[in-house]
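In what follows, every heavy atom counts, from backbone to side chain, and hydrogens, waters and symmetry copies are set aside.
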Amino acid sequence: MRSAFFLSLLTTLLYVIHGTLLGPSDDEAYYWVLSHQWNLGFAYHPPLIVWLIGLSREVFGIFLPENHSFILRMPAFICIFLIFYYSLRFVSEAPDRKLKNLKWSWITILSFVGLSSAIWMVVPDLPLFVGFVMAFYHCHRWLRKQDSGDLIGLWFGIVIALMSKFSAVLIPLSAVLSVFILGKTNSKSNKASFLFIVVLGCFAGLLPTLLWNLQNDFGPILYQLQGRHSGGAFQFSRWISFWAVQTLLLGPPMMFFLFQTLKRRRHSKTNRKLTEYAILWSIPALIVFGIQPFFSPFKLHWIFIAFYPIVLELAVLVAKNQAPSYVRSQWVYGLTLGLVFLISCHYPLQSNLMSVFQKSVNPKWDVTNDLYGWEGLPKRVPKKMKVIGSRYQTASQAAFALGDVNRVGLLPLQEKEMKDWVDLDVTGSRGPGWSKLTEKVIYVADHRYTMGPQFKSQTCRRLKDLVHNRGQFKAREVMLWECR
C-alpha cells in the first residue's frame with residue numbers, strides 16, 4: 001500500500017508541474033465557464049467535472065486568480081492520484097505476486113500513451129476513469145472477500161462515473177456480469193446485496209442528470225442518442241483508421257496482448273480468473289466503442305475505458321514476473337512517445353518536425369498549439385466591453401483569458417445551450433439565428449474557426465489580429481472585430 005501511495009503521489013506531482021505551466025484547451029476553458037453555475041446538468045454532459053472545477057475555484061481562488069491553470073486543473077490532479085492509487089492497489093493485492101516493488105507495474109500503466117499523455121487535462125473522462133477504477137477494484141475485492149466496505153466503495157465508484165459521463169452506464173453492467181458469472185461461490189443473499197448496491201448507485205448517480213433532463217425536455221440525453229451521431233454513414237475505411245490510431249495510442253505490443261487476452265490462448269489456469277474478470281470489464285465498452293466508428297465519427301479517447309482492464313491485467317502479470325517478453329517493447333514505446341508528446345506541449349516539436357517536409361507550417365496540424373495564444377487578449381479588449389464568439393471554443397477561451405464569464409457570451413445559441421451561458425443582453429434574441437446588436441461588442445474568431453460576425457444590420461470594423469508565435473512558428477491567430 002505504501003508503494004502504491006508514493007508512486008501515485010510522484011505521478012501526480014510530475015503532472016502538477018506540467019499542467020500548471022500550460023494554458024487551457026478549448027474544452028477545459030468551456031468547463032471553466034460552466035463552473036460558474038451550480039446546475040444539476042449541462043447541455044452535453046452530467047455535472048461532476050463542472051462541480052469539481054467550481055469547488056476548486058471557490059477554495060483556491062482565495063490565493064490565486066480564478067482563471068489560473070493550477071485552479072482549473074486541480075480536479076485533474078486529484079483524479080490522477082486516485083486513478084494510479086486504485087490501479088496500483090489492484091496490482092499489489094494480486095495473489096502470488098513476486099515483485100515487491102510496484103515500479104515496473106507502474107511503468108506498464110504509464111506506457112498506455114493515450115492515457116498518460118492527456119490525463120492532466122480536466123475533462124469529464126477523468127472522473128469517469130476514477131469511478132471506473134474504483135468500481136473495478138472494489139468489485140474484484142468483493143468477489144474474494146465479500147466485505148461490506150467494498151460494497152460502499154463500489155457504490156461510490158458507480159456514482160462518480162455516472163455523474164461524469166453517460167457512457168458510465170456500462171460500468172454497473174460489467175459489475176453485475178462479473179458477480180453472476182465469476183461469483184459462483186457467493187451465496188444468493190450476498191449477490192442480492194451486491195445487486196441492491198449497484199441499483200442504488202445507479203439511482204444516485206443518474207438522479208441529478210435525470211432531474212435536469214426532465215426540466216429541459218431531455219435535450220442532453222437526446223443529443224447523446226441522436227445529435228452526436230447524426231449525419232453518420234457506414235464507412236469501413238473510418239473503422240480501419242480508428243483501429244490504426246488506437247494501436248498507436250495503446251501501443252502495438254499492448255494491442256497484441258489485448259487480442260491474446262480475448263482469445264485466452266496464453267494464460268495458465270492460475271491466471272484464468274484474472275483474465276475472465278478483465279474481459280468482462282472490457283467487452284461491453286469494446287463492443288460499443290469498437291463498432292461505433294463503422295457508422296459515425298468518433299473521439300479517440302472514448303474507447304480507453306475498454307482498454308484499461310487489459311492494461312491492469314498486464315500490470316499484474318508484470319508484478320507476478322509472468323508478463324510476456326514483449327512487455328519491454330511496450331515500456332520503451334509508450335514512455336518514449338508519451339514523453340515526446342508532453343515535451344511538445346512546452347516546445348513546438350511537431351511544428352519543427354513538419355517544417356522539415358514543408359516550407360509553411362499550418363498551426364492547425366500541431367494540436368499542442370491549442371494551449372497557447374489567448375493570454376494576450378486582455379490587452380486588446382477595452383475594460384468592461386463585452387465579447388462575443390460564435391463557437392463555444394472561441395467564446396470559452398476568451399472568457400478564460402479575461403477571467404470574467406459575465407463579459408463573454410456565445411451567440412447564436414441553440415435552445416439546449418441557453419442555460420449554460422450568461423445572457424449579456426446585447427442582441428434582440430439569443431438564437432437560434434443571428435439577431436440585431438443593441439450595443440457595441442468585440443467579436444472574436446481564430447485561425448481554426450474563421451467565420452466573422454453575422455449580426456443583422458451590423459457595422460463591424462476588423463481590428464488588428466492577435467498573433468502568438470512559439471519560436472519561429474505561428475501557434476495562434478485571434479481575429480477581432482468591433483461591432484455596433
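Looking at D366 and S351, their side chains do bring a donor and an acceptor atom within 3.5 Å of each other. In this model, a donor atom of one side chain and an acceptor atom of the other lie less than 3.5 Å apart for T108 and W331. With 3.5 Å as the limit, one finds no donor-acceptor pair spanning the side chains of S167 and W302. In summary, the side chains of T394 and Q397 do not present any donor paired with an acceptor at a separation below 3.5 Å, with no hydrogens or angles considered. Side-chain contact check for S3 and W106: no donor-acceptor pair (N or O, by modelled atom type) lies under 3.5 Å.
The aromatic ring centres of Y137 and F90 sit 6.0 Å or more apart. Between F194 and W142, the distance separating the two ring centers is shorter than 6.0 angstrom. Here F304 and F112 bring their ring centres to under 6.0 angstrom of each other. F289 and F242 have their aromatic ring centers separated by at least 6.0 angstrom. For W239 and F295, the ring centers sit 6.0 Å or farther from each other.
Residues S116 and L342 share a closest heavy-atom pair of O-CD2, 4.4 Å.
Within the 4.5 Å cutoff, side-chain heavy atoms of L371 are placed close to those of C345. Residues T209 and M163 form no side-chain contact, since every pair of their non-hydrogen atoms from C-beta on lies 4.5 Å or further apart. Looking at Y31 and P124, their side chains come closer than 4.5 Å, going by heavy atoms from C-beta outward. Contact check for L21 versus S69: no side-chain heavy atoms found under the 4.5 Å cut-off. Residues L335 and I107 are in side-chain contact: their nearest non-hydrogen atoms beyond the backbone lie under 4.5 Å apart. Residues V405 and W421 form no side-chain contact, since every pair of their non-hydrogen atoms from C-beta on lies 4.5 Å or further apart. Looking at heavy atoms from C-beta onward, W374 lies out of side-chain contact with H468 at the 4.5 angstrom threshold. Looking only at side-chain heavy atoms (C-beta outward), N67 and W32 come within less than 4.5 Å of each other.
Counting non-hydrogen atoms of other residues, nucleotides and ligands closer than 6.0 Å to CZ of R144 gives a total above 12. More than 12 heavy atoms of other residues, nucleotides or ligands shown are found within 6.0 angstrom of CZ on F70. Atom CZ of F180 is surrounded by more than 12 heavy atoms from other residues, nucleotides or ligands within 6.0 Å. Summarising the local packing, CH2 of W365 is surrounded by 12 or fewer heavy atoms from other residues, nucleotides or ligands at distances under 6.0 Å.
The backbone N or O of I279 lies less than 3.5 Å from no partner atom in the side chain of S282, so there is not a single donor-acceptor pair. Put simply, the side chain of R73 never gets that close to the backbone of Y15: no donor and acceptor are under 3.5 Å apart. Judged purely by atom type and a 3.5 angstrom limit, Q330 uses its side chain to pair as donor or acceptor with the backbone of L250. In this structure a side-chain-to-backbone donor-acceptor pair under 3.5 Å is present from R476 to Y372. No donor-acceptor distance shorter than 3.5 angstrom exists from the side chain of Y86 to the backbone of F136, with no hydrogens or angles considered. No donor-acceptor distance shorter than 3.5 angstrom exists from the side chain of S117 to the backbone of F341, with no hydrogens or angles considered. At distances below 3.5 Å, not a single donor-acceptor pair connects side-chain atoms of E66 with backbone N or O atoms of R57. Checking side-chain atoms of E375 against main-chain N and O of G373 turns up a donor-acceptor pair under 3.5 Å. Between the R470 side chain and the A475 main chain, no donor and acceptor come within less than 3.5 Å of each other. A side-chain donor-acceptor contact under 3.5 Å links S8 to the backbone of Y85.
Remark: D125 engages K165 in a salt bridge, criterion side-chain N to carboxylate O under 4.0 Å. Ion pair D446/R391 not flagged as a salt bridge, since none of the NZ, NE, NH1 or NH2 atoms sits closer than 4.0 Å to an Asp/Glu carboxylate oxygen.
With sequence neighbours left out, the side chain to side chain donor-acceptor pair (under 3.5 Å) criterion links Q246 to no other residue.
Of the residues L402, V408, D404, the one that meets the side chain to side chain contact (heavy atoms under 4.5 Å, CB included) test with N406 is D404.
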